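Input: a single structure, listed below in structure tokens.
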Amino acid sequence: MTPATLTSRPGGALMGRVRAPGDKSVSHRALILGALASGETRIDGLLEGADVLATADAMRRFGARVERLGEGRWRVEGQGALHEPADVIDCGNSGTGVRLIMGAAAGYDLAATFTGDSSLRKRPMGRVLAPLEQMGARHLSRHGGRLPLTLRGGGLKRISYRLPVASAQVKSAVLLAGLNAEGGVEVIEPEATRDHTERMLAAFGAEVRTGALETARLIRLEGGQRLVGTQVPVPGDPSSAAFPLVAALIVPGSEVTVERVLLNPLRIGLFETLREMGAELEIGNLREEGGEPVGDVTARHSRLRGVDVPEARAPAMIDEYPILAAAAAFAEGRTVMRGIGELRVKESDRIALMAQGLEACGVMVEEEPEGMIVTGGPVRGGAAVETHGDHRVAMSHLVLGLAAEAKISVDEPEMIATSFPGFVGLMRGLGADVGE
Ligand code: S3P
């Protein structure tokens with residue numbers, strides 16, 4: 001049974017080599033594209049966290065055969081189409097899952113009802129529903145485009161869609177719908193976001209054209225393209241690797257290597273920022289796997305200094321601001337994080353919760369409508385932090401507690417399993433004191 005709280009305590013140096021769990025973004029996409037494709041897809045290294053397991057279950061309900069062959073090894077037998085599910089699709093805590101699946105489902109003549117947990121039911125879906133409606137899909141939702149909602153797909157027409165928010169989820173939903181839109185789709189991204197959907201569509205045999213406009217990125221996909229099952233190796237998640245790596249940076253005497261981390265240029269904003277802060281971060285064994293760059297990342301305890309994080313870097317590290325805020329608490333001076341209003345509509349309002357949690361631990365934080373500024377100094381700790389069920393808020397505070405003056409506890413620790421099921425065991429293996 002999972003305890004009601006989880007606690008981290010300051011202790012000795014962290015040492016060792018570990019493997020991060022599979023990348024969450026790549027894992028969702030592998031299952032969804034595998035279900036849309038004809039024939040067999042073999043996935044190796046799938047993240048077996050609650051979010052991705054909900055997507056696996058959803059794909060079964062849309063008619064694909066999805067089987068677990070062994071640890072991280074999965075087989076998807078796609079039908080070359082999605083079929084109408086008999087019952088409600090529950091995507092749990094996962095915004096990526098529900099938004100990508102709605103995009104994929106919109107391309108077919110079917111009705112599907114989607115829901116999720118209490119956090120997901122509060123998150124905005126209008127950003128995906130707007131372009132899908134412009135293409136010809138219909139929906140009926142709770143007030144404000146919230147879940148539960150029913151989507152009716154089929155008969156989609158071409159659109160050229162300029163993303164109003166920098167969101168890989170919205171881009172991906174439009175591209176997946178575009179596979180079955182007459183005339184295909186065109187997406188214009190003012191700021192480049194993670195491109196795993198584009199890369200993986202190509203790996204499944206689709207032609208995706210990308211180009212640069214003066215101040216934006218353009219992605220074009222022809223309609224009516226058929227996907228063919230393939231092999232998908234899933235690299236380690238840089239968003240999860242961030243927790244043991246930052247722990248090593250802030251706990252004196254530490255040296256930790258995380259192997260086989262996805263190093264897609266649109267995902268490594270945190271590593272760039274930490275280096276600017278003076279972090280000793282080394283990348284070794286850089287190679288390409290399954291169309292993505294991967295490498296082993298080593299972090300050594302470092303003296304950090306505060307920086308201004310460039311706003312343009314936000315999409316490349318959007319999930320990493322909570323752990324960056326924890327690192328910033330140990331840096332000399334101020335770390336300024338702005339242009340991150342999107343953080344308020346993640347699994348929780350991450351600006352508000354990080355500010356509250358850090359303040360409870362004795363850290364100086366200035367909260368802004370679309371940003372936060374953390375001033376480093378001694379971290380008192382000795383607090384019980386409310387996470388509102390947000391896995392990254394929980395892990396960030398547990399890392400903070402390893403270098404604070406006194407222990408830090410978090411509530412709802414079971415939610416960590418949405419993205420990082422082996423977090424506690426992995427951290428303990430490195431020598432961290434994390435437990436009840
Ligand atoms: C994701 C995109 C990001 C990110 C999320 C995963 C994806 O969300 O926060 O964890 O896999 O496409 P947005 O597209 O809402 O920025």
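The structure presented is a predicted model; accordingly, all values stated were derived computationally and were not measured.
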### Message
According to salt bridge (Lys or Arg N to Asp or Glu O under 4.0 Å), does anything in residues 223-249 pair up with another residue at least two apart or in another chain? List the pairs.
### Response
D237-R267

### Message
As a quick check of understanding, evaluate salt bridge (Lys or Arg N to Asp or Glu O under 4.0 Å) for R60 and E77, giving each step before the final call.
### Response
CA-CA 10 Å; R60 285 191 192 104; E77 181 79 37; over 6 Å; no

Within 6.0 Å of [atom1] in [X], more than 12 heavy atoms from elsewhere:
X: E182; atom1: CD; answer: no
X: E207; atom1: CD; answer: no
X: L140; atom1: CG; answer: no
X: E386; atom1: CD; answer: no

Salt bridge present between [X] and [Y] (N-O < 4.0 angstrom):
X: R158; Y: E186; answer: yes
X: D390; Y: R350; answer: yes
X: D57; Y: R61; answer: yes
X: R313; Y: E272; answer: yes
X: R209; Y: E222; answer: yes
X: E292; Y: R287; answer: no
X: E370; Y: R344; answer: no
X: K407; Y: D433; answer: no
X: D44; Y: R75; answer: no
X: E67; Y: R42; answer: no
X: R260; Y: D296; answer: no

### Task
Could you grab the distance from atom CG of L82 to atom CG of L176, nearest 0.5 Å is fine?
9.5 Å

### Message
My understanding is that only one of V258, I323, I416 makes a side chain to side chain contact (heavy atoms under 4.5 Å, CB included) with F243; could you say which?
### Response
I323

[X] side chain to [Y] main-chain N or O, any donor-acceptor pair under 3.5 Å?
X: R152; Y: A137; value: no
X: R199; Y: G291; value: yes
X: S94; Y: C91; value: no

### Task
For L266 and T193, run side-chain contact (heavy atoms from CB on, under 4.5 Å): C-alpha distance rounded to whole Å, both residues' side-chain angles, the deciding distance at 0.1 Å, then the answer.
CA-CA 6 Å; L266 296 167; T193 65; over 6 Å; no

### Task
In sequence, state the C-alpha distance, the side-chain angles, and the governing distance for R392 and E320, and then conclude on salt bridge (Lys or Arg N to Asp or Glu O under 4.0 Å).
CA-CA 8 Å; R392 297 199 204 281; E320 282 67 78; 5.1 Å; no

### Task
Test salt bridge (Lys or Arg N to Asp or Glu O under 4.0 Å) on R338 and E368 and set out the steps.
CA-CA 8 Å; R338 291 200 165 115; E368 296 181 347; 2.8 Å; yes

